[in-house]
Amino acid sequence: MKYSDLSNFIDGKPSNPQGPRAERYSPVDGALLSTIPMSDAAELDKAVAAAKAAFPGWSGMTLKERAAVFFRYYALLSARVDELAEIVHNEMGKNFAEAQAEVAKSLELTEFACSMPQVATGEFEVVSRGVECRHMQVPLGVVASITPFNFPHMVPHWTLPNALVLGNTMVIKPSREAPLTVLKIAEMLKEAGLPDGVLNIVCGGRELVAGICEHPDIQAVTFVGSTKVAKMVYSKSCATYKRALALGSANNHLILLPDAHPANTAANIAASFLGCAGQRCMSACILVAVGEVDDIIAKIVEEARKFVPGVNLSAIVNAEAKASITGFIDRAEKEGFKLLLDGRKATPPAGLEKGNYLGPTIVDHVKVGSELAVEENFGPVLAIVRAKNLDEALEIANSSPYGNGGSIFTQSGRAAEIYLNRIQAGMVAVNVGVPVPREPFSFGGWKDSIVGGGDITGKSSVHFWTKLKKVSVKWNPDKPVIWMG
Ligand code: NAD
């Protein structure tokens with residue numbers, strides 16, 4: 001076994017509940033990585049109790065004192081990017097360079113949290129003669145985050161740095177597929193001086209998720225994962241009157257116009273659908289090809305061929321996911337769509353035969369409304385749908401139930417402006433394959449890609465992680481107070 005048996009992390013120390021454990025095998029080479037506790041309700045209670053006990057002390061510190069812990073964490077993290085990238089690579093399967101990039105994004109998110117004293121300044125106004133009003137941004141208490149497998153380091157950094165710097169204490173339930181990375185975050189925060197109990201990690205399955213949503217001492221829940229589970233988590237959390245925000249699945253459409261820059265476009269689109277082997281909620285999924293663009297499509301195929309499974313094309317998280325993606329390709333082939341590249345038989349280099357790999361797959365002339373055009377497959381697959389003009393392309397893109405990201409490839413400013421005004425998605429771009437906004441701009445999709453209000457990162461998260469106390473002050477001035485003046 002590559003790593004030792006995993007423990008939960010509660011009140012600053014390892015916790016090992018009795019009961020079943022799950023095994024985690026590496027998607028890279030099939031090696032047994034570790035075993036994971038499948039925690040029960042009692043273990044969750046223990047974590048919530050630790051977070052609750054830590055809340056008065058932590059929330060009683062100043063914003064600057066809490067941010068100081070994250071400055072120290074930032075320094076630790078910057079010095080250990082490769083060590084963390086290695087863990088992400090082993091347990092989630094993305095290649096080492098992509099794992100390094102993920103940790104770099106966590107650094108950027110931490111940097112934003114460190115600037116919270118400059119961001120969360122609240123509001124103050126002399127509202128009348130002799131009367132002042134101000135906002136106090138008060139932390140909620142114990143909050144929780146439920147995270148997916150695909151960005152095990154970055155996604156926890158969407159929530160925990162901001163939530164904690166703002167004074168909350170937290171319980172995280174990581175994906176069963178990638179708990180090692182999340183446990184490492186907790187260990188490193190302890191090293192940076194985070195008081196015990198402020199961050200607790202509990203590993204487990206579905207029952208644990210339900211327990212979090214229903215727990216009477218948890219005030220807010222964030223979730224990132226598939227839409228089906230996002231909707232369940234949101235409605236269960238709201239049913240017990242919690243604040244909730246749940247980010248879901250995606251099926252991002254990129255629109256390709258004939259005037260796009262051929263080489264840049266091809267490289268961007270190939271990198272977008274093949275990065276992390278397509279296991280990104282901001283990957284290109286559908287290419288809506290407008291008019292005569294066969295020359296650019298040929299270049300995309302050429303670029304995609306450069307991605308070799310197990311070399312620069314990442315592994316698929318597990319055998320079930322691989323079978324599911326293969327099923328999408330099989331059915332698309334049966335429907336008679338044209339396979340320009342077929343990754344089903346791709347083989348990884350020697351030594352990685354037991355890993356889960358698929359090669360780049362491009363399916364052309366996919367019918368609008370067919371399974372491959374509508375449902376998320378979360379693999380290294382690009383479906384090409386043909387459209388006559390930009391109007392039709394926008395109609396196709398906007399008919400998706402999801403609205404996470406999207407991009408247009410063109411050199412026409414006018415076409416780009418039309419696209420930006422009419423596309424129905426939360427994060428959109430011009431000539432950018434993966435349209436993820438950089439900090440301080442926030443992250444969040446539209447439509448079925450999100451349930452709840454606001455974005456998960458940036459300034460929007462300040463509203464999510466705090467409640468406002470509205471304060472009015474009258475200092476008995478010598479002159480009479482004029483309340484409405
Ligand atoms: P998932 O929904 O299967 O799992 C997410 C979390 O929910 C995990 O912690 C998992 O253990 C738990 N879970 C899974 N099934 C559950 C159930 N039935 N009941 C209760 N809990 C359950 O998602 P995943 O496979 O880990 O991640 C991939 C999905 O996440 C894709 O759909 C992807 O688009 C989406 N995603 C979205 C974003 C975004 O920002 N919108 C970001 C990353 C991933």
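For ligands, and for the atoms within them, numbers begin at 1 and follow the listed sequence. Fair warning: this is a prediction, and the values are worked out from it, not measured in the lab.
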Which residue and non-hydrogen atom of the protein lie closest to [atom], and at what distance in Å?
{"atom": "atom 27 (O) of ligand 1", "value": "Pro148 CB, 3.5 Å"}
{"atom": "atom 9 (O) of ligand 1", "value": "Thr147 O, 2.8 Å"}
{"atom": "atom 28 (C) of ligand 1", "value": "Phe378 CE2, 3.6 Å"}
{"atom": "atom 43 (C) of ligand 1", "value": "Asn150 OD1, 3.4 Å"}
{"atom": "atom 21 (N) of ligand 1", "value": "Val209 CG2, 3.4 Å"}
{"atom": "atom 39 (C) of ligand 1", "value": "Cys281 SG, 3.3 Å"}

For ligand 1, note which part of [X] has a heavy atom under 4.0 Å away: side chain, backbone, both or neither.
{"X": "Asn404", "value": "side chain"}
{"X": "Thr227", "value": "neither"}
{"X": "Val229", "value": "side chain"}
{"X": "Ala250", "value": "backbone"}

Sub-4.0 Å protein heavy atom near atom 1 (P) of ligand 1
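Under 4.0 Å from atom 1 (P) of ligand 1, at least one protein heavy atom found.
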
Candidate list His89, Glu102, His153, Glu91, test side-chain hydrogen bond (donor to acceptor under 3.5 Å, both in side chains), partner Thr181, passing option
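Option passing the side-chain hydrogen bond (donor to acceptor under 3.5 Å, both in side chains) with Thr181: Glu91.
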
Can you tell me how far the OG atom of Ser26 sits from the CG atom of Asn356, to the nearest 0.5 Å?
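Ser26 atom OG to Asn356 atom CG measures 8.5 Å (nearest 0.5 Å).
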
Value rounded to 0.5 Å, distance of CD1 in Ile450 from OH in Tyr234
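It comes to 10.0 Å.
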
Flag, side chain of Asn251 to backbone of Ala373, donor-acceptor distance under 3.5 Å
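Yes: the side chain of Asn251 pairs with the backbone of Ala373.
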
Say whether, by atom type as modelled, one donor and one acceptor occur between the side chain of Ser460 and the main chain of Thr457 under 3.5 angstrom.
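No: the side chain of Ser460 does not pair with the backbone of Thr457.
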
Out of [options], whose heavy atom sits nearest [atom]?
{"atom": "atom 25 (O) of ligand 1", "options": "Phe223, Phe443, Phe149", "value": "Phe149"}
{"atom": "atom 17 (C) of ligand 1", "options": "Lys173, Arg206, Lys228", "value": "Arg206"}
{"atom": "atom 23 (O) of ligand 1", "options": "Ser226, Ser449, Cys285", "value": "Ser226"}
{"atom": "atom 31 (C) of ligand 1", "options": "Met232, Gln279, Glu376, Met427", "value": "Glu376"}

Report yes or no: is the cationic atom of Arg422 (NZ for Lys, CZ for Arg) closer than 6.0 Å to the six-membered ring centre of Tyr419, at no more than 45° off its axis?
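Not flagged: Arg422 not positioned over aromatic ring of Tyr419.
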
Aromatic Phe112 / basic Lys459 pairing, under 6.0 angstrom, 45° off normal
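So Lys459 doesn't make the cation-pi contact.
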
If you count heavy atoms of other groups shown closer than 6.0 angstrom to CZ of Arg21, is the number above 12?
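Yes, the 6.0 Å shell around CZ holds more than 12 heavy atoms from other groups.
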
Using a 4.0 Å cutoff against the non-hydrogen atoms of Ser175, which atoms of ligand 1 qualify?
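Under 4.0 Å from Ser175, ligand 1 has these atoms: 9 (O).
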
Which ligand 1 atoms are under 4.0 Å away from a heavy-atom of Ser249?
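In order of numbering, the contacting atoms are 32 (O), 34 (O).
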
Closest contact, heavy atoms only, [X] versus [Y]:
{"X": "Leu109", "Y": "Asn162", "answer": "O-OD1, 4.5 Å"}
{"X": "Ala346", "Y": "Pro309", "answer": "CB-CG, 3.7 Å"}
{"X": "Ser449", "Y": "Tyr402", "answer": "OG-CB, 3.4 Å"}

Is there at least one pair of N or O atoms, one from [X] and one from ligand 1, spaced under 3.5 Å apart?
{"X": "Gly248", "result": "yes"}
{"X": "Arg176", "result": "no"}
{"X": "Trp158", "result": "no"}
{"X": "Gly225", "result": "yes"}

Looking only at side-chain N and O atoms, does Tyr3 offer a donor or acceptor that is under 3.5 Å from a partner on Asn90?
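Yes, because at least one side-chain N or O of Asn90 sits under 3.5 Å from a partner of the opposite role on Tyr3.
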
Could you establish whether Phe151 and ligand 1 come within less than 4.0 Å of each other, counting only heavy atoms on the residue side?
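It does not; every heavy atom stays at 4.0 Å or beyond.
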
Quick test of your reading of the model: are Arg80 and Asp82 salt-bridged, counting only N-O distances below 4.0 Å?
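Salt bridge flag = no for Asp82 with Arg80.
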
